[in-house]
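Below: one structure, written as structure tokens.
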2 protein chains.
Amino acid sequence: MRRDIFQAIADPTRRAIITIIALQAMTPNAIAENFNTSRQAVSKHLRILTECDIVKQEQQGREIYYTLDIEKMKEIDIWLDQFRQIWETRFNQLDDVLSKLKNEKNEK
Amino acid sequence: MRRDIFQAIADPTRRAIITIIALQAMTPNAIAENFNTSRQAVSKHLRILTECDIVKQEQQGREIYYTLDIEKMKEIDIWLDQFRQIWETRFNQLDDVLSKLKNEKNEK
DNA sequence: TATATGCGCAACTAATTGGTTTCACAAATT
DNA sequence: AATTTGTGAAACCAATTAGTTGCGCATATA
């Protein structure tokens with residue numbers, strides 16, 4: 001089974017869970033109450049997120065609090081870098097076009 | 001079937017295809033030659049990427065050139081914004097700690 | 001005109017997914 | 001001590017996935 005950050009964020013329910021536990025630690029029950037899913041379904045997603053190694057858990061009595069390991073999100077950011085380079089290149093090209101137009105105007 | 005950008009980048013083969021056609025337009029055959037996959041497998045991935053609406057195609061005779069619609073990648077970037085806010089907050093908190101330490105030093 | 005090439009697509013397969021129902025167990029509450 | 005609550009996990013299911021093989025069709029080449 002593929003267990004990486006891209007697999008983790010592929011499912012919309014999982015993305016919602018990620019968004020919630022990014023801000024505060026939460027129990028599976030509390031997460032399930034936040035949107036239309038059963039506790040068990042949330043539990044399964046949390047298991048997958050754990051296997052993807054992007055959540056931390058802390059036991060308090062019989063409750064287990066899950067939080068997102070936010071730093072792990074940077075891996076996606078890093079993958080996006082390759083496009084950012086192109087975005088910037090295009091921007092620079094647009095910049096070139098603009099300065100050319102400016103020069104042509106000045107030369108008149 | 002879920003057909004969004006997150007589904008598009010969930011598969012590693014698809015991520016490789018995305019990376020290749022981000023830089024230059026390519027035919028399915030040419031893409032397949034670049035890594036260990038059959039032409040048909042690539043074709044199926046291109047179909048999914050098309051359904052996810054992140055590729056453009058241009059027919060030239062019997063060849064079809066596929067390119068990435070790079071702008072669509074920004075959707076991922078936008079989703080990451082929520083974490084970027086937290087990253088920055090943490091950075092600012094670290095900043096606060098540092099300036100406090102500095103002040104304490106000065107007070108001695 | 002006959003053959004080779006590039007492609008999409010349908011049919012099939014094994015594996016994976018996302019969900020449910022049911023259970024067991026530990027911790028809290030009565 | 002009995003009951004309720006919070007949880008993980010197993011068994012099951014329908015749907016989806018990622019790949020293969022084989023086909024048909026249009027375009028290029030001989």
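In what follows, every chain begins at residue 1, and chains take the letters A, B, ... in the order their sequences are listed. It should be emphasised that the depicted structure is a prediction, and the values quoted were computed from it without experimental measurement.
Between Arg62(A) and Arg2(B), the residue anchored closer to the 5' end of DNA chain D is Arg62(A), taking for each the nucleotide with the nearest heavy atom.
As rounded to whole Å, 13 Å separates atom P of dT7(D) from atom CD of Glu58(A). For the pair Phe6(A) CZ and dT17(C) C1', the computed distance is 20 Å after rounding to whole Å. Regarding Ile64(A), its CD1 atom lies at a distance of 15 Å from the C1' atom of dA28(C), rounded to whole Å. Following rounding to the nearest Å, Ile17(B) (CD1) and dA18(D) (P) show an atom-to-atom distance of 11 Å. The OH-C1' distance, from Tyr65(B) to dT27(D), rounds to 14 Å in whole Å. Rounded to an integer number of Å, the gap from CZ of Arg3(B) to P of dA15(D) is 16 Å. The CD-P distance, from Gln7(B) to dT17(C), rounds to 11 Å in whole Å. Rounding to whole angstrom units, CD of residue Glu63(B) and P of dT29(D) are separated by 10 Å.
One can find a donor-acceptor pair under 3.5 Å joining the base of dG8(C) and the side-chain atoms of Arg39(B).
Between Arg84(B) and Asp81(B) there is a salt bridge, since a side-chain N of the basic residue sits under 4.0 Å from a carboxylate O of the acidic one. At a threshold of 4.0 Å, the pair Arg47(A)-Glu51(A) counts as salt-bridged, since one of the basic side-chain nitrogens sits closer than that to a carboxylate oxygen.
Cluster annotation: Ile31(A) is not connected to Tyr65(A) through the hydrophobic network of ILVMFWY side chains, with a link wherever side-chain heavy atoms come within less than 4.5 Å. If you chain together hydrophobic residues whose side chains sit under 4.5 Å apart, Ile18(A) and Ile64(A) fall into the same group.
Of the possible donor and acceptor atoms, one in the side chain of Arg14(B) sits under 3.5 Å from a partner among the backbone N and O of Ala8(B). Side chain of Glu71(B) to main chain of Met73(B): no donor-acceptor pair is present (N/O by atom type, distance under 3.5 Å, no hydrogens or angles).
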Show each protein N/O and nucleotides 10-13 of chain D N/O combination with a separation under 3.5 Å, one pair to a line.
none

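When each of dT17(D), dT7(D), dT20(C) is scored by its nearest atom to the side-chain atoms of Ala41(A), the top-ranked nucleotide is dT20(C).
Within the structure, a side-chain polar atom (N or O) of Ser38(B) is placed less than 4.0 Å from OP1 or OP2 of dT20(D). In terms of phosphate contacts, Gln59(A) brings no side-chain nitrogen or oxygen within less than 4.0 Å of OP1 or OP2 of dA27(C). Between Gln60(B) and the phosphate of dG6(C), there is no side-chain N or O to OP1/OP2 separation shorter than 4.0 Å. For dT17(C), neither phosphate oxygen OP1 nor OP2 lies less than 4.0 angstrom from any side-chain nitrogen or oxygen of His45(A). Of the side-chain N and O atoms in Thr13(B), one or more sit less than 4.0 angstrom from OP1 or OP2 of dG19(D).
Considering all non-hydrogen atoms of both residues, Val42(B) and Pro28(B) come closest at CG1-O, 3.9 Å. Of all heavy-atom pairs between Ile54(B) and Lys72(B), the closest is CG2-CB, 3.9 Å. Scanning all heavy atoms of the two residues, the minimum distance from Ala10(A) to Arg2(B) falls at O-NH1, 3.0 Å.
Note on ring orientation: taking the six-membered ring where Trp is involved, the planes of Phe83(A) and Trp79(A) are perpendicular (angle over 60°, cut-offs 30° and 60°).
The stretch residues 24-34 of chain B comes close to DNA chain C through Thr27(B), Pro28(B), Asn29(B), each having a heavy atom under 4.0 Å from the strand.
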